[in-house]
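Step one of this worksheet: look at the structure below.
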Amino acid sequence: MTLATVRGMKDILPPESARWTELEGLFRAHAVRYGFLEIRTPLLERTELFARAVGETTDIVEKEMYTFTDRSGESLTVRPEGTAPVVRALLNHRADAGEWPARFFYIGPMFRHERPQKGRLRQFHQFGAEAFGTDSPYADAEAVAFLHGFLAAAGLAGVSLEINSLGDPECRPAYLDALASFLAAKEGELCDDCRRRAGRNPLRVLDCKAERCVRATADAPSILDFLCGPCRDHFHGVESALASSGILFSRNPRMVRGLDYYRRTTFEFVIPGMGAQNTVAAGGRYDGLAEMLGGRERVPAIGFAVGVERLLMLLGEGRAAGPSAEAYLVVATPALLPEAFRRKMELSACGVRADMDYEGRSVKSQFRRADRSGARVVLVFGEDEAHRGAVVYRDMERGLQEEIPAETAIRRLCDREKKEE
RNA sequence: GUGAGUGUAGCUCAGUUGGCAGAGCACCAGACUGUGGCUCUGGCUGUCGUGGGUUCGAUCCCCAUCACUCACCCCA
């Protein structure tokens, strides 16, 4: 029996868990501002959903999914990404989805069986958002603005936004042909991986970090030069909507996405100099996905996902944990435990974070604990005071104390709590 | 899936050219009678990742294995 977590999985303990809750709250708040409502989909889906949506030949589907056969013989997969389930849910509950545009956000874990490393886990978490039912470049700009606003509010500095267009089924084939023949001519200059990729997924070659490949593809044809009229108009529409919203970005015609369903707009928020896992958040348009999944009508859509672990990593350690208690009850003799405990419950009930020691430790030790808990007030329950129905009320910051009736002490603490609310 | 590095107390790490395992922090207790933070004193804590091998003897050398970390790949 080992007590270690499964490879690539992480326990999130205090105080870190508080940072998670805080960030989730911030994301929710921003989502609501931009008109997105929460959707919660199951962690398990039929394997086929991801195979079709993400792409049979992507790494995710080929070798990274947690797939198993359940007791009824059906092949199920623990979700490796969030978009496909949301689209599935939308198509399934079309009638309940409401008026277009339908905008959803989600928060939750994703699972991919990869080799863990910095900023990459097997169970990782994403904040995501998807907007359905509109082709408009404004929808793209809106999603980017939401993401941008959230990242800024989270305190992330030094991010840059890169955007690109991957075209659509009208214009992309021509580009892929042009790129393929360009790469064929340069074959000798490419790294081994890229020679292999050139045939199968030529776009990937543009994303290669190997020096020789970067050089070889320096003057490769740009997708942006191949966009058909509607795609070009759309791309320019996104650019001007972003520009007029005051959001800075740069074009990156070499940007590639790992999932097959993307069309037209793609974007990434990257941190320069962060190394291998420098993408904090990314997204794009996927107008064809609904039909790929068997939907009757075309449902244009745009979405993104934020890597929560990566974001937290970039935000740094954050502030230290605050006080764990506001008031500490010190018991001079075990005989007074029942009385102290009853008072502690009263404090909890009125919202005061109170703590005490149940182990019968020395008064000195209890004070040490009180100090460490950060409590600003200590109530001492002693025999003499108890005869008078009183306790010692000690202000830990000033080091002053007085004997007052127990009722008064409790009321004082509870009143103070109310004032601070 | 490939490569490299690391694995010793709760934490950070030292260590032995192979001979009963250490420090700091943390924790516990005490420094006159029921009072914290500072200081001082004392104390507790280890399958030296796991399994084999070499050896009189292995935490140290060798092999394997697992885990972690970083990089590649890929991606959030």
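Throughout, protein chains are lettered first and strands after them, A, B, ... in sequence-line order, and every chain is numbered starting at 1.
Between A:R361 atom CZ and B:rC28 atom C1' the separation is 9 Å, expressed in whole Å. Rounded to an integer number of Å, the gap from A:Y328 OH to B:rG36 C1' is 11 Å. Protein atom CE of A:M255 is 11 Å distant from nucleotide atom P of B:rA76, rounded to whole Å. Following rounding to the nearest Å, A:M65 (CE) and B:rC75 (C1') show an atom-to-atom distance of 15 Å. In this structure, CZ of A:R7 is placed 9 Å from C1' of B:rC66, rounded to the nearest angstrom. In this structure, NE2 of A:H113 is placed 19 Å from P of B:rC73, rounded to the nearest angstrom. Whole-Å rounding puts the A:R79 CZ to B:rC75 P distance at 20 Å. Put simply, CG on A:D357 is 13 Å from C1' on B:rC28, counting in whole angstrom units.
Separating the CG atom in A:D135 from the NE2 atom in A:H234 is a distance of 6.5 Å, to the nearest 0.5 Å.
A:L259 comes within 4.0 angstrom of the backbone, heavy atoms only, and of no base. Within the nucleic acid shown, A:G82 has no heavy atom closer than 4.0 Å to any nucleic acid atom. No engagement by A:V378 is indicated, since no non-hydrogen atom pair under 4.0 Å with the nucleic acid exists. Within 4.0 Å (heavy atoms only), A:S365 reaches sugar-phosphate atoms of the nucleic acid but no base atom. Looking at heavy-atom distances under 4.0 Å, A:A370 makes no contact with the nucleic acid at all. Contacts of A:G119 with the nucleic acid, taken as non-hydrogen atoms under 4.0 Å apart, include base atoms. Within 4.0 Å (heavy atoms only), A:L121 reaches at least one base atom of the nucleic acid. The residue A:Q366 sits apart from the nucleic acid: no heavy atom pair falls under 4.0 Å. Using a 4.0 Å heavy-atom cutoff across all strands shown, A:E62 reaches no nucleic acid atom at all.
Contact check, A:Q126 against B:rA76: no side-chain N or O comes under 4.0 Å of OP1 or OP2. Contact check, A:R372 against B:rC28: a side-chain N or O comes under 4.0 Å of OP1 or OP2. For B:rA76, the OP1/OP2 oxygens have a side-chain nitrogen or oxygen of A:R257 closer than 4.0 Å. Phosphate proximity of B:rG36 to A:K364: present, with a side-chain N or O under 4.0 Å from OP1 or OP2. Checking the phosphate oxygens (OP1, OP2) of B:rC28, a side-chain nitrogen or oxygen of A:R369 falls inside 4.0 Å. For B:rC75, the OP1/OP2 oxygens have a side-chain nitrogen or oxygen of A:R204 closer than 4.0 Å. Of the side-chain N and O atoms in A:K118, none sit less than 4.0 angstrom from OP1 or OP2 of B:rC72.
Going from the C1' atom of B:rC73 to that of B:rC61 covers 35 Å, rounded to whole Å. Rounded to whole Å, the P atom of B:rU65 lies 12 Å from the corresponding atom of B:rG3. The separation of B:rG37 from B:rC32, taken at their P atoms, amounts to 13 Å, rounded to a whole angstrom. Of the C1' atoms belonging to B:rA26 and B:rG18, the separation is 33 Å, rounded to the nearest Å. Distance noted for atom C1' between B:rA9 and B:rA14: 13 Å (whole Å). Nucleotides B:rC11 and B:rU69 place their P atoms 15 Å apart, quoted to the nearest Å. B:rU6 and B:rA64 are spaced 16 Å apart, taking the P atom of each and rounding to whole Å. As rounded to the nearest Å, B:rG46 and B:rU41 have C1' atoms that lie 25 Å from one another.
Aromatic pair A:F226/A:Y175: ring centres closer than 6.0 Å. Annotation: A:F146 is not in aromatic contact with A:H30 [ring centroid separation under 6.0 Å not met].
In this structure, A:F269 and A:H148 have tilted ring planes: the angle between them lies in the 30° to 60° band.
Mapped onto RNA chain B by nearest heavy atom, A:D371 and A:V363 fall at different nucleotides, with A:V363 at the one closer to the 5' end. Nearest-nucleotide assignment on RNA chain B puts the 5′-proximal partner with A:G382, out of A:V280 and A:G382.
With a cut-off of 3.5 Å on both pairing distances, B:rG36 has no Watson-Crick or G-U wobble partner at all. Using Watson-Crick or G-U wobble geometry with both donor-acceptor distances under 3.5 Å, B:rG46 finds no partner in any strand shown. In a base pair of the Watson-Crick type (N1 to N3 plus N6-O4 or O6-N4) or a G-U wobble (N1-O2 and O6-N3), with each distance short of 3.5 Å, B:rG22 is matched with B:rC13. When both distances must be under 3.5 Å, the Watson-Crick or G-U wobble mate of B:rA67 is B:rU6. Across all strands shown, the partner of B:rG1 is B:rC72, judged by Watson-Crick or G-U wobble contacts whose two distances both fall under 3.5 Å. Applying the Watson-Crick and G-U wobble criteria (two distances, each under 3.5 Å), B:rU54 pairs with nothing in any strand.
Interface remark: the A:R115 side chain does not form any donor-acceptor pair with the B:rC68 base, using a distance-only criterion of under 3.5 Å. The base of B:rG34 lies close enough to the side chain of A:E385 for a donor and an acceptor atom to sit less than 3.5 Å apart. With hydrogens and angles ignored, a donor-acceptor pair under 3.5 angstrom links the side chain of A:Q117 to the base of B:rC73.
Scanning both residues, A:A216 and A:F182, for their nearest heavy atoms gives O-CZ, 3.5 Å.
Cysteines A:C231 and A:C171: SG-SG separation is not under 2.5 Å.
Atom OH of A:Y66 sits in a crowded spot, with more than 12 heavy atoms from other residues, nucleotides or ligands closer than 6.0 Å.
Checked options A:E48, A:E45, A:E130; the residue passing with A:R88 is A:E45 (criterion: salt bridge (charged side-chain N to carboxylate O under 4.0 Å, His left out)).
Judged by the 6.0 Å and 45° rule, A:R343 forms no cation-pi pair with A:F381.
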